[in-house]
Trainee: 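Here it is: the structure, laid out below.
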Amino acid sequence: MNKEKTNKVLDYFEELFPDAHCELNHQNVFELLVAVMLSAQTTDKKVNQVTASLFKKYPTVESFALASLEDLQNDIKIIGLYRNKAKNLKKMAQVLLEEYNGEVPKTRKELESLPGVGRKTTNVVLSVGFDEPAFAVDTHVERISKRLGFAKKDDTVNDVERKVCRSIPRDRWNKAHHQFIFFGRYFCKAQNPNCKECHLYDMCKDKIKEVRK
DNA sequence: AACTCGGGGCA
DNA sequence: TGCCCAGAGTT
């Protein structure tokens, strides 16, 4: 992706979503880590619905580590994939206590080694939690990146991250990530994109809806 | 690279 | 009813 098109995208996103931000409710980095981990394959709305009571019932890392697995599973059931997530959450809290003095580690390597934490969760924690440059690729970002031509259709998630990061200036990754997300969620939806209003239609590789000028 | 986990919202 | 959702781990 060349500079001119990249700037056109970033300018448009800034116009549409000047206040794009992480919508997962959290009071600290640990809660952010938990919320992002739980958000896999579900919506942030549902995660917020669960975490609202979850962080009252389990206010500390210790309380998660000592939690009854069965209770924990029931507490997060409505988000789906709850067995694995509850198991990983408890194990993660135990690892944080045993290996990291109850703190959330700040390096990519350490974060990614935690149970239930992969590339995407790591990048969100780094960027939102620690203000470190990182660009997380989820399903929205992947779709948008391919539609706008930052990546090719059959590129893997890692390919997409590499290519987008190469196109966008490092100091804009964090904000741009959330703008990609907002664009994907509210504007350029997977099934029902707003092609008629879209200023980026010319460069779109998908053109799901026909637009005449 | 493909497969599995999964309840709830929505058409 | 069937489809899909801010992914990660295993094979």
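Convention: sequence-line order gives letters A, B, ...; per-chain numbering from 1.
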Trainee: So which heavy atom on A:K91 is nearest to which on A:P115, and how close?
Mentor: CG-CG, 3.6 Å
Trainee: Could you report the tightest heavy-atom contact between A:G116 and A:N88, atom names first, then the distance?
Mentor: CA-ND2, 3.6 Å
Trainee: What pairs of residues pass the side-chain hydrogen bond (donor to acceptor under 3.5 Å, both in side chains) test when at least one of them lies in residues 42-57 of chain A, not counting sequence neighbours?
Mentor: A:D44-A:R185, A:K57-A:D75
Trainee: Please determine if A:R119 and A:E161 form a salt bridge, counting it only when a charged side-chain N lies under 4.0 Å from a carboxylate O.
Mentor: yes
Trainee: Check whether A:E99 reaches the backbone of A:V95 with its side chain - one donor and one acceptor, N or O, closer than 3.5 Å.
Mentor: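 Looks like no, no N/O pair under 3.5 Å.
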Trainee: In whole angstrom, give me the gap between the C1' atoms of C:dA6 and B:dA2.
Mentor: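 That atom pair is separated by 22 Å.
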Trainee: If you measure from the P atom in C:dC4 to the same atom in B:dC3, how many Å do you get, rounded?
Mentor: 16 Å
Trainee: Where along residues 67-96 of chain A does a heavy atom come under 4.0 Å from DNA chain B, residue by residue in number order?
Mentor: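 A:K77, A:I78, A:I79, A:G80, A:L81, A:Y82, A:R83, A:N84, in order of number.
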Trainee: Is it the case that the side chains of A:K209 and A:N194 hold a donor-acceptor pair, with the cut-off being a distance below 3.5 Å and no angle test?
Mentor: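 A:N194 vs A:K209: no donor-acceptor pair found between side chains.
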Trainee: Would you name the heavy atoms of A:A65 and A:Q94 that are closest together and state the gap between them?
Mentor: O-NE2, 3.5 Å
Trainee: Name all residues meeting the salt bridge (charged side-chain N to carboxylate O under 4.0 Å, His left out) criterion together with A:K90; count only those two or more places apart in sequence or in a different chain, and write none if there are none.
Mentor: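 A:K90 satisfies salt bridge (charged side-chain N to carboxylate O under 4.0 Å, His left out) with no residue once adjacent residues are dropped.
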Trainee: Looking only at atom P, what distance separates B:dT4 and C:dC3, rounded to whole Å?
Mentor: 16 Å
Trainee: Give every residue pair that meets the ring-ring contact (aromatic ring centres under 6.0 Å, His included) criterion with at least one member in residues 92-137 of chain A, sequence neighbours excluded.
Mentor: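 Only A:F135-A:H177, A:F135-A:F180 qualify under ring-ring contact (aromatic ring centres under 6.0 Å, His included).
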Trainee: I'd like the 5' and 3' limits of the part of DNA chain B contacted by chain A, with heavy-atom contacts below 4.0 Å.
Mentor: B:dA1 to B:dG8
Trainee: Heavy atoms within less than 4.0 Å of DNA chain B: which residues of residues 116-135 of chain A have one? Give them sorted by number.
Mentor: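 Correct list: empty, so none.
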Trainee: Is the A:F183 ring parallel, tilted or perpendicular to the A:F187 ring (thresholds 30°, 60°)?
Mentor: parallel
Trainee: Which of residues 32-54 of chain A have a heavy atom under 4.0 Å from DNA chain B?
Mentor: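 A:Q41, A:K46 - these, ordered by number, are the residues of the stretch whose heavy atoms sit under 4.0 Å from the strand.
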Trainee: With rounding to the closest Å, how many angstrom separate the P atoms on B:dG8 and C:dA8?
Mentor: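 So the two P atoms sit 23 Å from each other.
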Trainee: I need the A:N123 CG to A:C165 SG distance, nearest 0.5 Å.
Mentor: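 Those atoms lie 7.5 Å apart.
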Trainee: Name each donor-acceptor pair under 3.5 Å that joins a side chain in residues 2-10 of chain A to protein atoms two or more places apart or in another chain, with its distance.
Mentor:
unit_1 : atom_1 : unit_2 : atom_2 : d
A:N2   : OD1    : A:E4   : N      : 3.2
A:N2   : OD1    : A:K5   : N      : 2.7
A:T6   : OG1    : A:N2   : O      : 2.8
A:N7   : ND2    : A:K3   : O      : 3.3

Trainee: Under a 3.5 Å distance rule, please check whether A:N28 uses its side chain to pair with a backbone N or O of A:F30 as donor and acceptor.
Mentor: yes
Trainee: Could you measure the distance from the OG atom of A:S127 to the CG atom of A:L32? Nearest 0.5 Å is fine.
Mentor: 8.0 Å
Trainee: Mind checking what makes salt bridge (charged side-chain N to carboxylate O under 4.0 Å, His left out) contact with A:K106, not counting sequence neighbours?
Mentor: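 Applying salt bridge (charged side-chain N to carboxylate O under 4.0 Å, His left out) to A:K106 gives none.
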Trainee: What do you reckon, is NZ of A:K189 surrounded by more than 12 foreign heavy atoms closer than 6.0 Å?
Mentor: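 Incorrect, the count does not exceed 12.
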Trainee: Using the salt bridge (Lys or Arg N to Asp or Glu O under 4.0 Å) rule, collect all pairs that involve residues 146-159 of chain A, keeping only residues at least two apart or in two chains.
Mentor: A:E142-A:K146, A:R147-A:D206, A:K153-A:D206, A:D155-A:K163, A:D159-A:R162
Trainee: Name the first nucleotide and the last nucleotide along DNA chain C (5' to 3') that come under 4.0 Å of a heavy atom in chain A.
Mentor: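 Range of nucleotides touched by chain A: C:dC5 to C:dG9.
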Trainee: Give me the residues of residues 138-172 of chain A where at least one heavy atom lies under 4.0 Å from an atom of DNA chain C, by number, or none.
Mentor: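 Within residues 138-172 of chain A, the residues near DNA chain C are A:D138, A:T139, A:H140.
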Trainee: To check you understand the geometry: which heavy-atom pair defines the closest contact between A:Y12 and A:E197, and what is its length?
Mentor: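 Minimum heavy-atom separation between A:Y12 and A:E197: OH-O, 3.4 Å.
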